[in-house]
Colleague: 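There's a structure below that I have some questions on.
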Amino acid sequence: MTESEFQEFMITVGYRYNEKTKTAFNSFEGFRNLIVFNEKENRYSLALDCVGKSAEAFSDITIELKKFHNEHKNNVLKAEYNDKRIVIILKMTIDSDIDKEDLKALVHFMTVLCKNGKLAPICRVCSRERKTGLYVVGREVMAMCEACVGRKRRLYEKRKNVFLNKTQNMPGGILGAVFGAVLGAAIYVLLYQLFPMYGAGSVFIGVLTFIGFVITGSRATKKSAVICECISCVFFLAAEYVSLVLGSAISIERLGGGIAVSEAIDITNTGLEDGGYIMSLIPELCVGIGIIVAVGIVYFLKRKYTRPMKISKNIL
């Protein structure tokens with residue numbers, strides 16, 4: 001089923017649709033049923049924030065969810081009540097008619113469940129039985145009470161002001177990144193002599209480079225992230241070379257040749273001129289650079305999920 005088909009169908013069964021979050025939503029006697037169209041994972045995900053009115057009611061709801069799961073086991077991937085939330089996941093098929101029948105059964109099941117008097121709707125944030133509205137927070141629809149919405153909006157304004165008032169010090173940030181990269185490279189060279197690293201030690205270079213920039217640059221941006229990635233890669237390659245030289249020098253010293261750094265450099269350079277030797281190093285270099293790239297990806301994810309998220313008006 002395409003998104004437009006999903007939207008049109010959910011409207012026919014009494015749901016409204018929010019295009020930004022790809023979420024169909026329904027308000028019934030205070031309950032806020034949310035069904036997300038998750039095309040990437042080929043599934044439809046229902047969520048309802050609620051609590052059982054008694055221990056017996058909780059047990060009955062669990063039984064009903066298992067029963068629904070068993071009756072539709074070919075397409076229901078999950079049906080459970082956990083952490084004060086009912087979650088039901090349907091498999092998305094290539095047959096729109098099958099999907100519509102499954103969604104229709106799900107909508108009917110949730111209507112019956114909300115009518116049975118055993119559940120009470122709650123706020124997603126404070127988990128209290130309060131009157132809630134539906135608000136878009138980032139790219140997610142959430143059922144929240146007015147008190148929690150007010151707190152979240154005040155927090156948003158505070159974090160937004162802090163974010164906007166920060167000014168980036170690019171020269172200072174670069175110096176901090178270089179210092180962090182040097183420290184990470186020193187750790188890499190030291191550990192390289194103690195046990196095989198296979199490039200994994202580059203994580204110290206990547207992490208310390210980003211930390212160095214953030215501390216001295218005050219504010220990190222996409223541009224500074226790319227700069228940190230480049231600095232990390234350069235210092236990783238330099239650390240790898242120094243590690244090879246130091247390894248050769250240690251080998252010479254153990255053979256009774258004394259400390260011969262210049263000779264170790266010559267041996268390393270000669271080895272790097274050999275295509276076979278370089279090929280043996282490529283996997284290690286790829287692992288090291290790959291880890292640095294992964295550090296950058298983690299930075300972007302952290303930046304994305306820790307930035308203040310605006311809260312919409314009540315969409316009900």
Side-chain angles (χ1 to χ4, degrees), residues 1 5-18 21-38 41-93 96-137 140-146 148-149 314-316:
M1 187 187 299
E5 288 177 321
F6 173 74
Q7 180 178 356
E8 291 172 5
F9 174 73
M10 294 310 297
I11 290 173
T12 65
V13 293
Y15 278 63
R16 293 161 63 189
Y17 191 73
N18 181 268
T21 60
K22 297 185 178 182
T23 303
F25 58 93
N26 169 264
S27 177
F28 178 74
E29 297 185 0
F31 292 95
R32 317 301 186 193
N33 286 289
L34 308 172
I35 303 179
V36 178
F37 179 82
N38 192 336
E41 297 183 12
N42 293 319
R43 58 183 58 184
Y44 309 98
S45 305
L46 175 137
L48 172 64
D49 298 298
C50 59
V51 289
K53 291 186 176 180
S54 66
E56 183 180 351
F58 171 78
S59 178
D60 290 343
I61 296 303
T62 302
I63 292 171
E64 289 297 323
L65 288 169
K66 287 182 179 179
K67 182 180 177 182
F68 180 78
H69 192 179
N70 291 332
E71 289 176 351
H72 303 83
K73 58 185 177 182
N74 290 332
N75 292 317
V76 176
L77 303 176
K78 181 180 182 181
E80 64 180 28
Y81 175 76
N82 188 30
D83 192 26
K84 298 181 180 180
R85 193 174 226 206
I86 289 176
V87 175
I88 300 176
I89 298 176
L90 300 181
K91 181 170 60 178
M92 188 183 295
T93 70
S96 297
D97 291 332
I98 293 177
D99 287 2
K100 289 177 182 178
E101 288 300 316
D102 290 335
L103 286 167
K104 189 181 294 183
L106 175 61
V107 168
H108 175 71
F109 173 71
M110 293 307 298
T111 301
V112 172
L113 211 59
C114 293
K115 276 184 175 181
N116 66 14
K118 297 177 181 179
L119 290 174
I122 61 172
C123 169
R124 176 61 178 163
V125 178
C126 65
S127 299
R128 295 179 182 177
E129 294 181 37
R130 290 178 173 176
K131 182 179 178 180
T132 61
L134 283 176
Y135 302 86
V136 178
V137 183
E140 180 184 3
V141 177
M142 298 177 65
M144 292 190 291
C145 64
E146 289 185 6
C148 288
V149 171
N314 190 350
I315 64 175
L316 285 178

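Please read these numbers as outputs of a predicted model, since none were measured by experiment.
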Colleague: I'd like to know whether the aromatic ring centres of Tyr17 and Phe37 sit less than 6.0 Å apart in this structure.
Modeller: no
Colleague: Side chains of Val107 and Met10: closer than 4.5 Å at any heavy-atom pair?
Modeller: yes
Colleague: How close do Thr21 and Val136 get, counting heavy atoms only, and between which atoms?
Modeller: CG2-CG1, 3.7 Å
Colleague: Has Glu5 got more than 12 heavy atoms of other residues, nucleotides or ligands less than 6.0 Å from its CD?
Modeller: yes
Colleague: Answer yes or no: is there a donor N or O on one side and an acceptor on the other, between the side chain of Asp99 and the main chain of Thr93, under 3.5 Å?
Modeller: yes
Colleague: For the pair Phe28 and Met110, evaluate side-chain contact (heavy atoms from CB on, under 4.5 Å) and give the outcome as yes or no after the intermediate values.
Modeller: CA-CA 10 Å; Phe28 178 74; Met110 293 307 298; over 6 Å; no
Colleague: Using the six-membered ring wherever Trp is involved, compare the ring planes of Phe58 and Tyr81 and label them parallel, tilted or perpendicular (cut-offs 30° and 60°).
Modeller: perpendicular
Colleague: For the residue pair Leu90 and Leu106, establish whether any side-chain heavy-atom pair is separated by less than 4.5 Å.
Modeller: yes
Colleague: Give me the atom names and distance for the closest heavy-atom approach of Thr132 to Cys145.
Modeller: CG2-N, 3.9 Å
Colleague: So, Arg16 side chain and Ile315 main chain: donor-acceptor pair closer than 3.5 Å or not?
Modeller: yes
Colleague: Under a 3.5 Å distance rule, please check whether Asn18 uses its side chain to pair with a backbone N or O of Phe25 as donor and acceptor.
Modeller: no
Colleague: Is Lys91 reaching over with its side chain to a backbone N or O of Leu77, donor-acceptor style, under 3.5 angstrom?
Modeller: no
Colleague: Looking at NZ of Lys22 and CD of Gln7, how far apart are the two atoms once the value is rounded to the nearest 0.5 Å?
Modeller: 11.5 Å
Colleague: Just checking Glu56: does its CD atom have more than 12 heavy atoms from other residues, nucleotides or ligands closer to it than 6.0 angstrom?
Modeller: no
Colleague: Got Val112 and Asn116 here, is their nearest side-chain heavy-atom distance under 4.5 Å?
Modeller: no
Colleague: Could you tell me the separation between the CD1 atom of Ile88 and the CZ atom of Arg43, rounded to the nearest 0.5 Å?
Modeller: 14.0 Å
Colleague: Could you check whether any side-chain N or O of Asp49 sits under 3.5 Å from a backbone N or O of Arg85, counting only pairs where one atom can act as donor and the other as acceptor?
Modeller: no
Colleague: Hey, what do you get for CD (Glu80) to CD1 (Ile89), rounding to the nearest 0.5 Å?
Modeller: 8.0 Å
Colleague: Give me the atom names and distance for the closest heavy-atom approach of Pro121 to Gly30.
Modeller: CB-O, 3.2 Å
Colleague: Please name the pair of heavy atoms, one in Met92 and one in Tyr44, separated by the smallest distance, quoted to 0.1 Å.
Modeller: CG-OH, 3.4 Å
Colleague: As an exercise, state the distance from OG1 of Thr62 to NZ of Lys66, rounded to the nearest 0.5 Å.
Modeller: 7.0 Å
Colleague: State the CG-CG distance between Leu65 and Leu113, to the nearest 0.5 angstrom.
Modeller: 6.0 Å
Colleague: If you compare all heavy atoms of Leu119 against all heavy atoms of Phe31, which two are closest, and at what distance to 0.1 Å?
Modeller: O-CZ, 3.4 Å
Colleague: Hey, could you give me each pair passing salt bridge (charged side-chain N to carboxylate O under 4.0 Å, His left out) that has a residue in residues 101-116? Not counting sequence neighbours.
Modeller: none
Colleague: In Å, rounded to the nearest 0.5 Å, how long is the span from SG of Cys50 to NZ of Lys118?
Modeller: 13.0 Å
Colleague: Nearest heavy-atom pair of Asn26 and Gly14: which atoms, and what distance?
Modeller: ND2-O, 3.3 Å
Colleague: Is Arg32 reaching over with its side chain to a backbone N or O of Leu134, donor-acceptor style, under 3.5 angstrom?
Modeller: no
